[in-house]
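Taking it in order: structure first as structure tokens, then the write-up.
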Amino acid sequence: MPERYGPQFGPDITFLGVPRCTWSEPSTYADADVVILGAPFDGGTSHRPGTRFGPQYIRKTCYLPQMGSRPSLALRVDGLQGDLTVYDAGDVEMYSGDAERSVRDLQKAVSTVARTGTIPLILGGDHTIAWPDAAGVAEHVGAGRVSMVHFDAHADTGDVAFGSLIGHGQPMRRLIESGAVRGDRFLQLGLRGYWPGPETLDWMAGQGMRSYEMTEIVARGLDACLTEAFQIATDECDAVFLSVDIDVCDPGHAPGTGTPEPGGLTARQLLDAVRRVTYELPVAGVDVVEVSPPYDHADITSALANRVVLEALSGIARRRRDARDGTSWDPRRPLLDGRSTDG
């Protein structure tokens, strides 16, 4: 299989300048905690394209120096330097005209990384890639042993669309049908809008899926919904896959996406939620998807996605530090309180 060394579209860069590796050669990332993979695929989109350029923009959209540390003010760790070892394997070669081959090749790459005990963090691309991403992690952890925490405006549980089983509206159904992820350990947060229809909703209910629609999140509070979701996610599962579709946020906070739906989370809510997921749960894989730079304004969406990645890395780093030191921390409590610089 051909392999690209560096981004498939755009400048030859890594995520904020982290060292390179080659996913098919585990020796090049033997000391890694996290390996970043790009998945520049938008062959599964149903509305606005352009997410093939997402990995490039997520990697570079930051006003700070491209090479350097990223100490988290809130978590008091550095997710790029010192507290975690992060590599970037560049983009998996994906051809939008051949969805079947693209998802197969991506799953192979994710599985190869996961089998080393390293966390794969995948930059999309449209949400089609969640199927091979989570399935690749499940090949290592075990089928049915990985739960899914899924932030999205849409359920992505459709069946056949445009005559195809593969698309960005269908990956969650494919994952459940494959057995990689159990339906009753599938947690969706941020759903809203006018899709899917009754037949698909009935299928979801039959699988035992738990979906937190925005009205419920507003009524109960995001923290309460997350706490409940975490209890389900860790029941009879050994690891969690975190999938973040940037359109979970209101289009005012993330305009550069393929299927914008008004009434979503704020950028602040998403970052806080990602912090809690990666600190409180045993995350074995992450993807960030549906950033479409051609429809972005002032890099608003790309900047948010970049920070979602950094928040995930920081949460993982803090979890590992506290596990090592035998300490614990409530991620909803600030560590910087005007009196001390660390907890």
Side-chain angles (χ1 to χ4, degrees), residues 15 33-37 39 54 58 75 79 84 86 106 110 113-114 118-125 127-138 140-141 145-156 171-172 175-176 180-182 185-191 209-212 217 222-223 225-235 237-249 254 265 267 269-291 304-320 331:
F15 182 80
D33 298 300
V34 176
V35 167
I36 293 172
L37 294 160
I58 297 171
L75 279 73
L84 279 185
V86 182
L106 179 58
V110 172
V113 171
T118 304
I119 297 174
L121 195 158
I122 305 96
L123 311 178
H127 219 157
T128 303
I129 70 166
W131 175 22
D133 291 345
V137 169
H140 167 61
V141 178
R145 306 301 302 178
V146 181
S147 60
M148 172 75 83
V149 176
H150 169 209
F151 290 90
D152 204 329
H154 312 97
D156 292 353
M172 307 315 173
L175 273 171
I176 293 171
V181 179
R182 287 169 47 173
R185 296 297 181 271
F186 216 109
L187 296 311
Q188 301 184 305
L189 297 109
L191 303 191
M209 298 179 72
R210 180 63 169 97
S211 301
Y212 296 85
I217 291 174
L222 179 58
D223 269 334
C225 293
L226 286 171
T227 298
E228 180 179 283
F230 291 179
Q231 293 171 348
I232 300 170
T234 52
D235 181 23
C237 284
D238 301 315
V240 174
F241 191 94
L242 169 63
S243 186
V244 179
D245 185 327
I246 209 68
D247 73 22
V248 73
C249 285
L265 298 179
Q269 286 177 307
L270 176 60
L271 293 172
D272 287 345
V274 168
R275 180 187 302 173
R276 282 197 63 190
V277 171
T278 52
Y279 179 77
E280 296 183 37
L281 300 179
V283 171
V286 180
D287 64 26
V288 181
V289 304
E290 295 288 355
V291 174
L304 174 58
N306 177 279
R307 279 356 192 207
V308 167
V309 174
L310 284 176
E311 203 68 28
L313 294 173
S314 299
I316 292 167
R318 183 75 200 196
R319 177 182 174 88
R320 293 191 174 191

| field | Close side-chain approach of Asp235 to Arg185, heavy-atom, < 4.5 Å | value |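 Yes. Closest side-chain heavy atoms under 4.5 Å.
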| query | Taking side chain as C-beta onward, heavy atoms only, is Phe151 less than 4.5 Å from Ile246? | reply |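 Not in contact.
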Kindly compute the distance separating [atom1] ([X]) from [atom2] ([Y]), expressed to the nearest 0.5 Å.
{"X": "Arg318", "Y": "Leu84", "atom1": "CZ", "atom2": "CG", "answer": "12.5 Å"}
{"X": "Ile58", "Y": "Leu121", "atom1": "CD1", "atom2": "CG", "answer": "9.5 Å"}
{"X": "Arg307", "Y": "Leu270", "atom1": "CZ", "atom2": "CG", "answer": "13.5 Å"}
{"X": "His150", "Y": "Leu189", "atom1": "NE2", "atom2": "CG", "answer": "9.5 Å"}
{"X": "Asp152", "Y": "Ser211", "atom1": "CG", "atom2": "OG", "answer": "10.0 Å"}
{"X": "Asp133", "Y": "Leu37", "atom1": "CG", "atom2": "CG", "answer": "8.5 Å"}

Sequence-distant partners of [X], side chain to side chain donor-acceptor pair (under 3.5 Å), two or more places apart:
{"X": "Asp156", "answer": "His127"}
{"X": "Thr227", "answer": "Arg276"}
{"X": "Arg182", "answer": "Asp184, Glu236"}
{"X": "Ser147", "answer": "none"}

| request: Apply ring pair (Phe, Tyr, Trp, His ring centres under 6.0 Å) to Phe15 and list each qualifying residue two or more places apart in sequence or on a separate chain. | output: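 With neighbours one apart ignored, the set is empty.
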Least distance between heavy atoms, [X] atom then [Y] atom:
{"X": "Ala267", "Y": "Leu304", "value": "CB-CD1, 3.7 Å"}
{"X": "Phe241", "Y": "Val146", "value": "N-CG1, 3.8 Å"}
{"X": "Ala130", "Y": "Asp287", "value": "CA-OD2, 3.4 Å"}
{"X": "Pro132", "Y": "Thr128", "value": "CD-O, 3.4 Å"}
{"X": "Ile217", "Y": "Tyr212", "value": "CD1-O, 3.6 Å"}
{"X": "Ala273", "Y": "Leu222", "value": "CB-CD2, 4.2 Å"}

For [X], give me all partners under side chain to side chain contact (heavy atoms under 4.5 Å, CB included), at least two apart in sequence or on another chain.
{"X": "Arg319", "answer": "Tyr279, Pro282"}
{"X": "Ser314", "answer": "Ser72, Leu75, Val77"}
{"X": "Arg145", "answer": "Val141, Asp238"}
{"X": "Ile119", "answer": "Val34, Ile316, Arg320"}

| field | Pair listing, salt bridge (Lys or Arg N to Asp or Glu O under 4.0 Å) test, anchored in residues 240-249, at least two apart | value |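 Qualifying pairs: none.
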| task | Name all residues meeting the salt bridge (charged side-chain N to carboxylate O under 4.0 Å, His left out) criterion together with Arg275; count only those two or more places apart in sequence or in a different chain, and write none if there are none. | result |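 Arg275 satisfies salt bridge (charged side-chain N to carboxylate O under 4.0 Å, His left out) with Glu311 once adjacent residues are dropped.
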